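Below is one structure, written out as structure tokens; the observations come after it.
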Amino acid sequence: MKYKESKNFFPHSDNPQRGDFVERVVDPRQAYYKVKPVNADDEIPADAAEFAGK
Amino acid sequence: MGRRDQWKQVQSGIYDPSLKARTVEERETVPDIACGLCKNFAENAYASDGRGLCRVLKIGSDISASPVVYVLEGEVGYPAYFTTNAASCTHFERMDFIDTDGSEVADPNYRRVQRQMENKFK
Amino acid sequence: MKCTECSFEAPVEKFRYLYNARIDASISLRQCPQCQAWLATDELAGEATQKVGPGEAPWGKSAGIEGLAEDAAS
Amino acid sequence: MAAQPAKDTSTQELEQKQEWWWIAEKKRSKRLDYLRKAVWKKGALGGNYAPGIKVDLEIPQLFTNMWNFWRYDPPMLRRAKSMAHVLENMPIFITDHAQLVGYMGTLPHTLAWRVDGATMVNEELYNEPGVMPEPEQASLKRVADLNAYWAGNTAVDKLARVLDPEDAVKFLSGAIGWGAPTSAYGYSGKDYEFMFAQRHGFEDILDLIDQSIEKAEDLTMGNPGPEILPVYDRIQNWDAMKIMLNAAIAYARRYARLARILAEHYETDPKRKEELLRLAQTCENVPAKAPSTFQESLQYDHFVQILARLEAHEGAWPARPDYYHWPMYEKDVIKEKNITREEALDLVGEFMIRAYEVGGFGPRWAREGLQGITGTWVWTLGGVNKDGSDACNDLTLAFLQAARLVRVANPTFGFRWHPKVRDEVMREVFECIRHGLGYPSIRNDPLLIQNAMHWHGHPLEEARTWVHQACMSPCPTTKHGVQPMRMASATANCAKMVEYALHNGYDHVVQMQMGPKTGDARKFKTFDELFAAWTTQMKWLINTLVRTVNLGRYKDPEFYGRPFLSAISERAVESGLDVVSPVGDRGNCWVTGFTWVENADSLAAVKKLVFDEKRYTMDDLLNALENNWNGYEQMRRDFVNDAPKWGNDDDFVDGIMVRCLQEVAKHSREIKCPSGNSWPLLPENVSGNIHYSSIVGALPNGRRLGDALYDGGISPGPGLDKKGPSAVLKSCGKIDHVGDGRAFLLNQRLSPSQLAGEKGYQLWKAYIRTWADLGLDHVQFNMVSDETLRAAQKDPEKYQEVIVRVAGYSAHFVDISRKTQDNIIQRTVQGI
């Protein structure tokens with residue numbers, strides 16, 4: 001699956017080929033949202049946390 | 001040899017970052033007879049990357065040469081790493097007890113806290 | 001000196017010196033090279049007196065006047 | 001999981017048991033409770049990182065990729081472009097309930113790794129147990145590759161090549177000092193006057209830089225001549241600063257975008273949604289613009305700190321939050337009532353938590369010397385305004401109150417006491433101490449201002465802005481007073497002075513001729529001969545460290561350089577020089593004197609027992625020391641018990657202490673920093689007394705190799721101050737705290753049961769009055785009983801939250817090594 005196909009991908013308005021991929025992470029001490037800049041056409045790596053939100 | 005040249009020699013023996021070419025495998029290998037297992041090895045407490053000085057041999061010695069060069073007089077110890085192969089060194093004396101507990105503090109005589117040393121004793 | 005835990009016997013300096021209990025007392029902590037127990041050592045007599053675990057203070061209160069301070073509060 | 005308090009235990013019962021950490025849990029808001037427990041502790045437990053803490057490999061990789069790409073650029077520009085790439089591409093995160101954001105790693109449990117600082121640190125990291133991210137093998141390979149790229153090319157490698165080889169070898173022996181002479185690992189002051197008092201947001205600074213470039217271009221496009229030649233380099237530096245400022249604004253706006261995405265797409269709770277939108281607005285506004293709300297003010301400050309720590313491994317956190325955030329607090333909380341005081345307390349508490357979670361990978365000596373913490377985040381509170389009026393305000397109180405709610409070990413506070421401080425403030429200060437935080441330390445403001453003017457020529461108004469540059473040393477926050485690069489490497493292991501005087505300069509631990517050959521001590525016939533040898537060793541030791549640090553400072557723009565720090569410093573923005581250049585710096589250096597008091601106690605013991613009373617000969621003494629007192633126990637006890645010890649108001653030993661300090665002070669004026677100013681001594685230890693315990697040999701004060709050294713500064717040896725607290729203060733009062741050195745750390749333990757209630761406060765207040773009257777500049781307190789500390793050793797899980805004052809900083813008791821714990825318990829509990 002490519003980033004652009006994910007509901008967790010948010011393209012930049014000035015450059016839709018780039019965007020932010022948001023992940024929800026729950027570690028042993030805290031829960032947080034993490035964002036990483038990615039290319040829209042890149043594949044989502046297998047170890048990316050699946051977002052469990054709404 | 002002048003003062004500066006003498007100390008340059010010491011500096012290149014001790015602090016030359018000659019670690020550049022080492023592979024992961026080389027870094028992970030602690031020989032069965034290694035300086036880090038010897039009573040006469042004093043670990044450097046500033047650079048805890050596993051370097052140290054020999055308490056018996058002095059600068060100018062070379063335990064990897066054939067034949068081994070032993071210098072016993074001098075004002076600076078012979079530099080070695082915990083992974084230095086000491087198989088040819090007649091001054092090697094195995095320690096009775098090696099402290100790998102890094103939750104205490106520097107102890108050049110007893111402590112060896114490198115991950116590779118922990119693994120060696122697992 | 002003889003280890004109180006494993007009975008290893010050797011001259012006192014063969015036991016790894018750790019640190020003093022108080023600088024003005026003759027009790028120190030040494031470590032047995034065989035069983036690695038921490039031993040309270042009487043440096044004057046050259047004898048291990050007991051194994052020391054966390055929280056144990058064979059030398060008593062820290063500085064001698066904690067008691068005095070407590071009195072002052074009561 | 002840590003133990004929980006019994007639900008039905010009343011606050012009163014907990015107070016009686018002095019279990020203040022449970023009281024904090026009961027009193028703090030749900031948000032603060034969550035955020036406090038969410039922190040991954042980055043301080044080492046003794047010398048080891050806590051389980052679960054991993055080194056961040058993403059940032060060093062991003063940085064190295066770009067550093068290699070821009071290899072033809074000059075240093076400052078190259079660093080700026082590489083850092084901008086990091087800021088644009090590093091993952092960022094927002095913790096649930098957080099209202100402030102910014103962390104120097106990519107995930108909450110990661111340690112930042114300064115990959116271009118020192119090859120030896122990189123190698124240490126490779127060998128370090130437990131810190132490699134999974135899968136370990138892949139991480140080891142990645143680290144090995146990064147290390148191969150940087151080997152020989154880090155800041156320390158570059159400096160080592162130009163140092164005198166003798167100085168380099170001796171410095172790196174680990175025996176005489178620590179720190180690294182580069183801004184890669186410096187203590188960096190911040191020009192708060194420029195950012196906060198003058199209200200410059202980054203867009204304002206960009207305008208100032210553009211104006212400077214325009215003026216410079218008038219020169220470079222005008223008549224040729226020698227005067228315009230340096231200007232070309234300065235324009236490149238300004239470009240680098242601009243890159244950093246723009247990247248920093250973009251980095252903050254990445255948080256704004258994330259907060260907005262969360263609010264608009266994910267968050268269902270309307271209250272949290274509102275918070276996230278406010279957070280988004282905050283990160284839109286700062287640091288681009290000067291802050292206009294209290295939250296923005298704190299966020300601006302935190303962004304600055306994080307950005308500076310992404311640029312370099314900063315070991316300290318000079319700050320004065322109650323002073324610089326007061327205008328926005330006053331506006332929001334007091335004048336306009338935009339937020340309640342409780343809401344403000346939540347922000348203040350979180351502001352402390354955000355600093356507490358910061359951590360970078362430090363070499364083992366640093367972890368052992370700063371056990372339980374990752375750097376000395378000593379924030380300054382109180383003091384005076386530039387006109388000399390009392391600067392304490394309601395935000396001072398809020399910080400002191402929030403500290404008791406969040407109970408972090410780092411940051412801690414240093415409180416600038418002066419005679420005009422109101423009783424209400426002093427009570428809050430005391431409550432923090434009574435709650436066992438070990439902070440604030442108390443600093444004598446009028447005296448330290450005088451001291452700053454005496455040693456470094458700071459004008460009065462500038463001196464009055466001082467903050468703790470690290471644990472102890474006052475440094476202003478102004479254009480010329482701020483110090484961008486105070487290197488910890490002018491940190492002397494002073495016990496070696498007397499050790500070398502007794503061993504003809506030879507070090508039996510590191511097996512090296514270190515100091516000058518001052519003669520065979522067995523042949524010394526008088527005390528003056530020994531003292532002369534001591535003076536020579538003292539000068540040699542200080543000179544070796546200071547030469548190294550001075551050269552490091554002078555070469556730093558070439559070998560490391562700080563484009564971001566330059567961009568937030570008025571003098572660099574104005575001049576176009578890298579701020580780490582000594583040009584324009586007034587010069588505010590000091591030699592940190594670790595393990596200092598052993599000198600006075602050792603010299604006094606030799607004078608009394610060998611030269612005055614002739615009970616032992618120098619031969620006897622040297623034989624005993626060479627055998628580490630083994631077989632000489634009775635003699636060792638004589639040297640401890642029959643010789644006077646510092647801290648008992650005994651003129652014999654106190655006179656030697658003052659004589660030693662005056663010798664150093666004389667030398668301090670002879671040696672100069674790159675700005676031409678003096679290098680006064682500042683005795684203090686952090687936990688260096690424990691790190692050095694197996695590196696300093698046996699001494700005539702009765703210690704053996706292995707024993708903890710004294711806890712530092714001018715604190716008496718643990719358990720050796722037998723004449724009560726007044727005698728300690730009187731001994732310390734014999735030192736001229738202006739002319740004899742830069743500052744003098746004094747640890748005292750007080751009895752929590754004695755100081756309970758109103759009576760306790762009045763006793764303490766009277767003690768502080770005496771302390772001030774005697775002209776001391778510092779004192780800090782541990783107020784946790786032996787009973788609690790011993791119980792914590794036995795059952796650490798139950799006492800996870802017990803905090804102690806180590807020296808110059810606080811730590812959780814369970815995070816320090818057993819030797820350090822016992823050393824704290826050994827300290828005398830003074831009844832006052």
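Note that the structure is a prediction, hence the values are computed from the model and not measured. So that the names make sense, note that chain A is the first sequence line, chain B the second, and so on, each numbered from 1.
- Using a 4.5 Å heavy-atom threshold, the side chains of D/Arg818 and B/Asp101 count as separate.
- For chain B, the nearby part of D/Glu136 is the side chain; its heavy atoms alone come within less than 4.5 Å.
- Here the closest heavy-atom approach between residue D/Glu124 and residue B/Ala47 is recorded as OE1-C, 4.3 Å.
- Heavy-atom proximity under 4.5 angstrom to chain D picks out B/Gly102, B/Ser103, B/Glu104, B/Val105, B/Ala106, B/Asp107, B/Pro108, B/Asn109, B/Arg111 from residues 102-112 of chain B.
- Within the 4.5 Å cutoff, the side chain of D/Glu123 has no heavy atoms near those of the B/Arg51 side chain.
- When all heavy atoms of B/Glu118 and D/Pro129 are compared, the pair lying nearest together is OE1-CB, 3.6 Å.
- Heavy-atom distances place the backbone of D/Leu45, and not its side chain, under 4.5 Å from chain B.
- Closest of all the heavy-atom pairs between D/Ala144 and B/Arg27 is CB-NE, 3.9 Å.
- The shortest non-hydrogen separation linking D/Trp178 to B/Tyr46 is CA-CE1, 4.1 Å.
- Residue B/Asp49 comes nearest to D/Met120 through the heavy atom pair CB-O, 3.8 Å, listed as atom of the first residue, atom of the second, then distance.
- No other option in B/Gln6, B/Met117, B/Glu28 has as many heavy-atom pairs under 4.5 Å with chain D as B/Glu28.
- The pair B/Glu75-D/Lys517 meets the salt-bridge criterion, since a charged nitrogen lies less than 4.0 angstrom from a carboxylate oxygen.
- The closest side-chain heavy-atom distance from D/Asp164 to B/Arg3 is below 4.5 Å.
- B/Gln116 is listed as a side-chain neighbour of D/Tyr126, based on a closest heavy-atom distance under 4.5 Å.
- For D/Ser693, the part lying under 4.5 angstrom from a heavy atom of chain B is the side chain only.
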